[in-house]
Amino acid sequence: MMKISRRQFLGATAAVTAGAGLFSFEMLTKLDPASAAADNSETKQFRNVCPRNCYDTCGQISFVQDGMLKKVDGDPKHGYTNGRLCVKGYTYTRRVYSPDRIKYPMKQMPRGSGNWTRISWDEAMDTIAKKILDLKKRYGSTLPICFDKYSGNFGILHYAADGTMSSIGYTTRAVGTPCWPAGIDAQTYDFGTLYNNDPEDMVNTKYLILWGQNLAWTAIHSLPFAQKARENGAKLVVIDPILTSTASKADLYIQIKPSTDGALALGMARYILDNNWVDWDYARANSVGFDEWIDYLKNNVTLDWAASKTGVPKEIIMEIAREYATSKPASMWVGYGMQRHTNGGQNVRIIDALGVMTGNVGKSGGGVNYGQLETWGFNYGAMSYSAPKGSRGIVGANGKEGDRSININNFAHDVMAQQDPPVKMLWLACRNPGGQDPDTHAIEKMFASMEFVVSVDSFFNKTVQMSDIVLPATTHFENWDVNASYWHYWIGINEMAIQPMYESKSDLEIAMLLSKKMNALEAGSCTYPTSGSEQEWLAKEFNAALNASLGISNYKELSNGPRKVKMPPAAWSDGKFRTPSKKIEIHSNQAEKNGLPALPIWVEEMKAPEKYPVRLMTPHPQLGLHSQFQNLDWMMAANPEPKLEIHPNLAAKYGIQEGDKVKVFNDLGDITLKAHLTRTTSENVVVSYEAWYNKSNYNVNYTVKAIPSDMGKQATGNNGLAFHDNFVDLQKV
Ligand SMILES: Nc1nc2c(c(=O)[nH]1)N[C@H]1C(S)=C(S)[C@@H](COP(=O)(O)OP(=O)(O)OC[C@H]3O[C@@H](n4cnc5c(=O)[nH]c(N)nc54)[C@H](O)[C@@H]3O)O[C@H]1N2
Ligand SMILES: Nc1nc2c(c(=O)[nH]1)N[C@H]1C(S)=C(S)[C@@H](COP(=O)(O)OP(=O)(O)OC[C@H]3O[C@@H](n4cnc5c(=O)[nH]c(N)nc54)[C@H](O)[C@@H]3O)O[C@H]1N2
Ligand SMILES: [Mo]
């Protein structure tokens with residue numbers, strides 16, 4: 001199984017019809033050089049998997065005619081995504097044939113000027129390889145080269161980007177994940193790792209709480225399972241400071257004050273205790289520290305306190321406590337939004353304890369579900385290459401020389417802080433810190449201080465705009481791969497459906513090409529293999545255990561359809577927890593050792609500073625996935641510009657009306673947005689979704705501070721980011 005601590009790992013359909021009215025297949029075919037072919041030529045179908053960083057990791061069928069991708073649909077053989085895609089998935093033809101794609105290797109002179117020139121692959125590789133060798137000579141190691149990869153493409157062969165770096169020597173690595181680390185640590189302290197029930201098992205629940213999770217946008221294929229549970233009589237409760245699309249589908253929506261979920265869970269726990277709805281047998285047999293926590297509840301928690309802390313009326317806390325504890329089984333899904341706070345991990349620990357006290361852990365239809373990496377049992381051959389002999393690195397805890405780690409969540413600061421040797425060159429793949437990292441001004445300053453920047457991408461996003469050389473990346477229809485999900489249990493093969501567009505290459509091909517060039521310039525300077533077809537590489541990612549768990553003898557069988565990893569439907573149903581004590585650790589010595597409370601007790605939330613009284617939340621958009629999709633023409637047609645969602649009462653205080661331009665600012669920076677008055681957000685919370693709009697400088701992260709969340713270091717190397725503890729003031733312009 002893959003260990004998450006190993007490296008920085010993970011770490012709707014309406015608008016398509018809107019777009020379809022504006023863009024026809026005829027327009028689409030005009031973009032393709034091969035489109036002269038007759039219409040009646042044979043349509044071939046291929047199996048693909050959407051490789052984006054998303055719960056759903058959808059099974060796709062691509063329809064190809066005369067070498068052209070005509071349509072992308074859901075794969076009916078995928079038991080979780082069930083033949084459907086999200087709105088983004090249906091736009092893939094627009095991505096593949098987007099006129100904005102980076103077509104060739106290009107250089108920008110000077111960096112940031114927009115003055116791009118097409119160069120050959122050979123010139124690109126020659127320039128990059130010479131720069132690497134030059135830095136190595138000047139500094140005696142490859143440590144001045146810093147690598148930052150995250151989640152642009154989670155395909156297993158895309159770990160070749162990591163392999164590129166390990167094969168040239170010891171480098172500086174951005175370690176951690178901006179995504180979900182606080183919650184991972186919480187579940188690691190409590191259960192030993194993160195491990196959710198099969199989401200298809202959701203249909204068996206009698207009560208479902210979606211806690212800071214917006215599945216209608218971020219995991220749409222779970223919605224049918226949640227709906228099925230409702231049809232079977234389950235009640236759906238959504239807890240979120242924003243009345244989301246998901247909340248609109250719930251039986252009960254609870255608008256909680258941000259970052260106070262722990263107080264709500266503690267209030268519920270106290271009421272459950274007072275009514276003796278506790279599953280004492282389960283909790284005492286399976287956990288350590290349970291009675292100690294019960295004492296804490298008795299001595300420190302009251303319903304009045306929980307109500308005043310969370311803004312949730314006492315009667316509602318009592319109602320959901322009673323229903324959650326007495327509906328058997330009851331399930332909770334803890335989203336990644338709610339852990340992006342300074343006490344986010346701690347709040348997840350408290351919610352975990354609520355699941356344990358009611359005996360809902362290890363049960364079908366139950367669980368405190370967050371995510372899983374149980375199905376990721378690949379060999380990771382594309383990323384595992386050792387440094388050339390004689391490479392110099394940083395001496396690690398094991399006494400051996402190795403890479404230098406810096407914090408992915410304080411990237412700008414950490415890059416600039418490196419001395420002996422300083423960081424001089426950046427290599428970015430599947431990663432857009434210019435759009436996605438907090439404190440964009442600091443990121444820009446850091447990029448400007450570099451000697452050389454290479455990025456590998458498909459679009460001229462903010463990071464590419466700050467690069468010297470960009471290498472064009474294929475889309476997943478143009479290469480082979482295999483993908484797993486961090487939520488459902490399915491694994492699917494991604495077949496090459498069309499030839500790479502223009503001169504684009506996959507991260508794997510780039511790794512091999514760079515190795516060829518480096519070794520030509522200086523023999524032995526790169527250990528990465530220089531040959532092998534993508535299918536050969538793919539075959540090497542499978543092993544006997546993985547094949548057995550999928551019921552296959554050869555990976556090629558996946559071409560007949562995705563397979564589900566054989567695991568019980570309920571996580572932890574065997575009761576074999578992976579903590580040091582082998583039990584659920586309500587009292588966690590490990591947490592205590594790391595300077596955190598040993599018990600799942602209340603930790604105060606971050607308060608707004610006087611100068612910046614309004615919380616700006618920047619969660620994930622419906623029509624984009626971070627900096628992907630929203631830049632495509634169909635998405636721009638459906639959602640042409642970003643907006644600031646603001647409650648009418650707050651708007652009135654600032655004299656803001658619908659459509660007014662509003663400057664959103666703090667000491668870090670500002671963005672100007674059109675106001676949209678809505679009662680879906682709380683009175684002191686404004687909302688603007690993180691996304692990249694084509695040819696626009698909109699970026700919420702100009703105002704977002706790199707404030708760490710409380711957890712993440714234990715399992716992922718660094719703490720996460722408290723994206724939603726971000727405070728601003730407003731001004732009508
Ligand atoms: N304000 C705010 N900021 C946030 C968040 C938030 O909630 N609020 N969420 C955070 C979270 S949860 C995450 S996960 C991060 C995501 O941060 P990133 O992982 O940086 O985000 P993406 O935009 O998905 O992908 C980065 C780039 O990968 C490129 N890419 C796609 N496929 C390939 C490929 O095959 N090869 C190469 N080389 N490149 C490819 C894409 O074109 C894109 O430009 O953002 C974080 N940032
Ligand atoms: N369409 C789309 N799908 C995506 C993504 C995308 O960008 N777009 N990103 C993918 C990635 S990388 C990730 S990490 C996941 C994230 O998907 P989710 O787990 O759904 O997380 P978010 O969308 O960040 O936030 C979910 C909700 O948490 C709420 N929230 C914020 N703070 C609090 C709080 O203190 N308490 C409570 N109760 N709720 C709070 C937000 O208001 C938001 O509605 O989605 C994945 N899927
Ligand atoms: Mo994420």
Side-chain angles (χ1 to χ4, degrees), residues 10-12 51-56 86-88 95 102 148-155 158 161 177-180 183 210-220 238-247 254 256-261 264 333-341 343-344 347 370-371 428-438 455-459 461-464 471 473-476 479 481 486-487 506-507 510 605 616-631 681 685 687-692 699-701 703-704 720-721 723-726:
L10 324 183
R52 309 278 85 88
N53 177 358
C54 179
Y55 292 96
D56 284 0
C86 75
V87 67
K88 304 178 295 309
R95 180 180 175 117
I102 300 169
D148 187 7
K149 172 181 183 252
Y150 193 55
S151 65
N153 185 323
F154 268 155
H158 283 75
T177 141
C179 184
W180 56 341
L210 299 178
W211 212 310
Q213 206 294 324
N214 185 14
L215 64 79
W217 286 13
T218 62
I220 183 77
V238 171
I239 304 170
D240 198 306
I242 305 169
L243 199 165
T244 59
S245 207
T246 308
I254 296 174
I256 191 169
K257 285 186 195 158
S259 205
T260 66
D261 303 272
L264 178 58
W333 179 352
V334 179
Y336 305 143
M338 68 139 292
Q339 47 100 54
R340 305 192 215 285
H341 293 279
N343 61 356
N347 288 340
Y370 183 74
L428 303 120
C430 306
R431 182 73 176 122
N432 179 12
Q436 296 309 123
D437 276 12
S455 52
V456 187
D457 211 299
S458 304
F459 293 98
N461 62 28
K462 283 206 52 126
T463 298
V464 174
L471 305 175
T474 46
T475 68
H476 68 284
N479 54 237
D481 217 330
Y486 50 76
W487 180 237
S506 68
D507 291 286
I510 292 169
E605 80 280 23
L616 169 64
M617 301 221 325
T618 58
H620 296 198
Q622 180 184 25
L623 302 184
L625 190 134
H626 306 302
S627 55
Q628 308 194 64
F629 295 103
Q630 176 55 58
N631 62 314
T681 181
V685 173
V687 182
S688 195
Y689 293 92
E690 49 116 35
W692 175 53
N699 182 354
V700 289
N701 284 314
T703 72
V704 178
L721 279 162
F723 280 110
H724 300 313
D725 290 333
N726 189 46

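In what follows, residues are counted from 1 in the order of the sequence shown. Quick note: numbers below take in every heavy atom, side chains included, and nothing from hydrogens, waters or symmetry partners. In each ligand, atom 1 is the first atom listed, and ligand 1 is the first ligand listed.
F723 has its ring centre no less than 6.0 Å from the ring centre of Y336.
Between P433 and L428 there is a side-chain heavy-atom pair separated by less than 4.5 Å. Side-chain atoms of H724 and M338, non-hydrogen and from C-beta on, never get closer than 4.5 Å to each other. Two residues are said to be in side-chain contact when any heavy atoms from C-beta on lie closer than 4.5 Å; W211 and L264 meet this criterion. Looking at heavy atoms from C-beta onward, K88 lies out of side-chain contact with Q630 at the 4.5 angstrom threshold. By the 4.5 Å heavy-atom criterion applied to side chains, F629 and L623 are not counted as neighbours.
Within the structure, ligand 1 lacks Q630 among the residues with a heavy atom less than 4.0 angstrom away. Assignment of W217 to the shell around ligand 2 is supported, since a heavy atom sits closer than 4.0 Å. No heavy atom of R52 sits closer than 4.0 Å to any atom of ligand 2.
Remark: minimum distance from atom 12 (S) of ligand 2 to any protein heavy atom is reached at H626 NE2, 2.8 Å. Among protein heavy atoms, the minimum distance from atom 42 (O) of ligand 1 is reached at D457 OD1, 2.6 Å. Among protein heavy atoms, atom 10 (C) of ligand 1 sits closest to F723 CE1, 3.7 Å. The nearest protein atom to atom 45 (O) of ligand 1, hydrogens excluded, is given as Q436 NE2, 3.0 Å; this is a heavy-atom distance. For atom 8 (N) of ligand 1, the closest heavy atom belonging to the protein is T618 O, 2.9 Å. Shortest contact from atom 30 (N) of ligand 2 to any protein heavy atom: P241 CD, 3.8 Å. Remark: minimum distance from atom 18 (P) of ligand 1 to any protein heavy atom is reached at R431 NH1, 3.4 Å. Of all protein heavy atoms, the one lying nearest to atom 1 (N) of ligand 2 is P621 O, 2.9 Å. With hydrogens left out, the protein atom closest to atom 33 (C) of ligand 1 is N153 CB, 3.8 Å, a heavy atom. For atom 5 (C) of ligand 1, the nearest protein heavy atom (residue, atom name, distance) is E690 OE1, 3.6 Å. Looking only at protein heavy atoms, the nearest one to atom 23 (O) of ligand 1 is S627 OG, 2.3 Å.
When heavy-atom distances to ligand 1 are checked against a 4.0 Å cut-off, H476 has no atom that comes that close, whether in backbone or side chain. Using a 4.0 Å cut-off between heavy atoms, N701 contacts ligand 1 through its side chain alone, with no backbone atom that close. At a heavy-atom distance under 4.0 Å, atoms from both the backbone and the side chain of H620 approach ligand 2. Contact annotation for A219 and ligand 2: no heavy atom of the residue comes within less than 4.0 Å of the ligand.
A donor-acceptor contact under 3.5 angstrom links the side chains of N432 and S627, judged on distance only. The closest side-chain donor-acceptor pair between H158 and D481 falls under 3.5 angstrom. Defined by atom type and a distance below 3.5 Å, a donor-acceptor pair is present between the side-chain atoms of S151 and N53.
By the 3.5 Å distance cut-off applied to N or O atoms, D507 is counted among the residues near ligand 1. Residue H724 places no N or O, backbone or side chain, under 3.5 Å from any N or O of ligand 2. Distances between N or O atoms of N53 and those of ligand 1 include no value under 3.5 Å.
One option in T681, D240, T260, D261 has a heavy atom closer to atom 38 (N) of ligand 2 than any other, and that option is D261. Among C430, S151, G152, the residue whose heavy atom lies closest to atom 39 (N) of ligand 1 is C430. Considering only non-hydrogen atoms, atom 4 (C) of ligand 2 lies nearest to T218 out of L215, T218, D56. Considering each of M338, H341, R340, K257, the one bringing a non-hydrogen atom nearest atom 32 (N) of ligand 2 is H341.
The aromatic rings of Y55 and W333 stand perpendicular to each other, their planes meeting at an angle above 60°, with 30° marking the opposite boundary.
Close approach to C179 involves these atoms of ligand 1, each under 4.0 Å from a residue heavy atom: 12 (S), 14 (S). The ligand atoms of ligand 1 that sit less than 4.0 angstrom from a heavy atom of V456 are 37 (C), 38 (N), 39 (N). Under a 4.0 Å criterion applied to the non-hydrogen atoms of V700, ligand 1 contributes the atoms 1 (N). Close contacts between ligand 1 and R95 involve ligand atoms 31 (C) [criterion: under 4.0 Å to a heavy atom]. Interface atoms of ligand 1 facing A473, defined by a heavy-atom separation under 4.0 Å, are 36 (N), 37 (C). Listed by atom number, the atoms of ligand 1 under 4.0 Å from A429 heavy atoms are 38 (N).
Atoms SG and CD1, on C54 and I220 in that order, are 10.0 Å from each other to the nearest 0.5 Å.
The minimum heavy-atom distance linking P258 with V685 is given by the pair CG-CG2, 4.0 Å.
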